[in-house]
2 protein chains.
Amino acid sequence: METHPSFDAYIGSDGVTLDARDVALLRAIDREGSLNTAAQSLGRSYAHAQRRVVELEDAFGALVERQRGGAGGGGSTLTTTARELLAAFERTRASFEGVAEIAETVIVGTIVERDGELVTVETPAGAIRALVPDGDGEVQLSLRADAVTLTDPEDTPVPEHTSARNRFAGTVVGVESGERIARIAVDVGLEQPVLALVTEDSREKLGLDDGSEVVVSFKATATRGVAVGDADD
Amino acid sequence: METHPSFDAYIGSDGVTLDARDVALLRAIDREGSLNTAAQSLGRSYAHAQRRVVELEDAFGALVERQRGGAGGGGSTLTTTARELLAAFERTRASFEGVAEIAETVIVGTIVERDGELVTVETPAGAIRALVPDGDGEVQLSLRADAVTLTDPEDTPVPEHTSARNRFAGTVVGVESGERIARIAVDVGLEQPVLALVTEDSREKLGLDDGSEVVVSFKATATRGVAVGDADD
DNA sequence: GGTCGTTGTTTCGACATCGATATAACCGAA
DNA sequence: TTCGGTTATATCGATGTCGAAACAACGACC
């Protein structure tokens, strides 16, 4: 079974949500210069485009400067509000994209202490501090590869002097070199190796290869988990 | 205008996508012990529930062990496949949730070098390495607060010995203390201060307060951006 | 083996969504 | 004044979604 996590991003305001299709519409308007040709270029009906623009403006404010009549019959241009909205959407979409495509390490453990949503989880490799909204008992922590920092064992700051206080010494058990980005698997005593995404640059500077000793560290606030099993929902 | 980035998470397989409603359905089946009462408890029709389960099983494999006849008329239980799927969904949803709710710092800069999707961006505070899929010229980088590590200036490893090679010295210009988590704003010479999410614990250990000197660092692979303006799309 | 209660399955119709189409209003330019 | 291309609005029909209800299957119990 080939499963793939994915998402639909949108920006909500006032009950109306601006999604990818709306973004495509606004982009097309910007590109084509009119609602009519924009809808046409997207293979969608003009009626829908017009309806939707009105609907969006109701929630987000003026988005499209419309002009009818005149030379060429008129046309439409985007307001700066619309452009800011597009940029904001693109940014959040890029962030979500990162989460969806980047490998994660799943760590199974048990909550032994809770302080608000900050918990201490007991794992085979030691205690890990993480964010778990609620629940109790067994948890699955999701550690994203881009949140894991690798450092040279000889020059790793003491935990008291950094905000990344989840620290584990381990050995590299796998290197998957990409064009510019490498995926490093580090065994730290957990069931699965911890995956870390680093630039090829960093890999060379740290001299990482199979068998290398390295320290992996990650922040508690970047480690999110969900209670599984005997949760109190 | 109050805008809020949000998302719909789902897990795709074979063209079919398992979304939040499907998860609610499976949860209800697990809780109620039958499709019938599950649908009822969700206020949805039984027909839909049954159809949907078949559809999902077509793509994901056996999810619901159905039993009809017998004492009590029968019932349904989830397979381990279904439970794993639920856990996987919850994990990715939690990750997305983090992206959606956590503050980000928007950094505007200009691409001065590109090597695959790895770029060097020129900013008022200096060069930043980041991931930008494509485009050119002006970019907006999105730096998530939970990806920023703070370290004591006196005990910060040299860049060659860590994979977090975006480093900037700065001063704390704002501390927003929560119950267990603090949001630290650090001025590093950019238009906006960089936001970092750290545990209260870390804040105390590092002695962070307004005016404190601190080093912020973050990985290139955790810094995603989008080209804006003269992009070649 | 028949009965009975519960569940799984299928069919049908109501409802919302969306596209296609038609029409009116608009305004600069020829 | 006419023309041309656009935006704004209303209506109709196709399509897909969903719920209600009828239908079929199952197995313990009598």
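For clarity, every value in this text was computed on a predicted model and none was experimentally measured. Note on naming: letters A, B, ... go to the chains in the order of the sequence lines (proteins, then strands), and numbering restarts at 1 for each one.
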*Between C/dT10, D/dA8, D/dG27, which nucleotide gets closest to the side-chain atoms of B/Gln50?*
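So the nucleotide nearest the side chain must be C/dT10.
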Report each atom pair, protein N/O against N/O of nucleotides 17-20 of chain C, whose distance is under 3.5 angstrom.
residue, atom, partner, partner atom, Å
C/dG19, OP1, A/Arg44, NH1, 3.1
C/dG19, OP1, A/Arg44, NH2, 3.2
C/dG19, OP2, A/Ser45, OG, 3.4
C/dG19, N7, A/Arg51, NH2, 3.4

_Short side-chain N/O contact from A/Arg66 to OP1 or OP2 of D/dT6, under 4.0 Å_ =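 So the side chain of A/Arg66 is outside the cut-off, no N or O lying under 4.0 Å from OP1 or OP2 of D/dT6.
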*Any A/Ser76 side-chain N or O less than 4.0 Å from OP1/OP2 of D/dT7*: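 For D/dT7, OP1/OP2 do have a side-chain N/O of A/Ser76 under 4.0 Å.
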_Partner residues of B/Glu179 under the side-chain contact (heavy atoms from CB on, under 4.5 Å) criterion, sequence neighbours left out_ =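 Listed in chain order: nothing, the list is empty.
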*Residues forming a side-chain contact (heavy atoms from CB on, under 4.5 Å) with A/Ser41, sequence neighbours excluded*: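 Partners of A/Ser41 by the side-chain contact (heavy atoms from CB on, under 4.5 Å) criterion, ordered by chain and then number, come out as A/Ala28, A/Arg31, A/Glu32.
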*Who pairs with A/Asp8 by side-chain hydrogen bond (donor to acceptor under 3.5 Å, both in side chains), at least two apart in sequence or on another chain?*
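Residues passing side-chain hydrogen bond (donor to acceptor under 3.5 Å, both in side chains) with A/Asp8: B/Tyr10.
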*Can you list the residues that meet the side-chain hydrogen bond (donor to acceptor under 3.5 Å, both in side chains) rule with B/Asp187, with sequence neighbours excluded?*
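Partners of B/Asp187 under the side-chain hydrogen bond (donor to acceptor under 3.5 Å, both in side chains) test: none.
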Just how far, in rounded Å, is [atom2] of [N] from [atom1] of [X]?
X: B/Leu25; N: D/dT17; atom1: CG; atom2: P; value: 17 Å
X: A/Gln67; N: D/dG5; atom1: CD; atom2: P; value: 17 Å
X: B/Gln40; N: D/dA21; atom1: CD; atom2: P; value: 13 Å
X: B/Asn36; N: D/dC23; atom1: CG; atom2: C1'; value: 15 Å
X: B/Leu35; N: C/dT10; atom1: CG; atom2: P; value: 13 Å
X: B/Arg52; N: C/dG8; atom1: CZ; atom2: P; value: 17 Å
X: B/Ile29; N: C/dT6; atom1: CD1; atom2: C1'; value: 16 Å
X: B/Glu57; N: C/dT9; atom1: CD; atom2: C1'; value: 14 Å

*Would you say the side chains of B/Glu200 and B/Ser177 form a donor-acceptor pair under 3.5 Å?*
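Indeed, the side chains of B/Glu200 and B/Ser177 share at least one donor-acceptor pair under 3.5 Å.
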*So which pairs with a foot in residues 76-93 of chain A pass salt bridge (charged side-chain N to carboxylate O under 4.0 Å, His left out), sequence neighbours left out?*
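For residues 76-93 of chain A: A/Arg27-A/Glu90, A/Asp30-A/Arg83, A/Glu90-A/Arg93, A/Arg91-B/Glu104, A/Arg93-A/Glu97.
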*Could you pull out the closest heavy-atom pair between A/Phe96 and B/Ala100, with the gap in Å?*
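Here A/Phe96 and B/Ala100 meet closest at CZ-CB, 4.0 Å.
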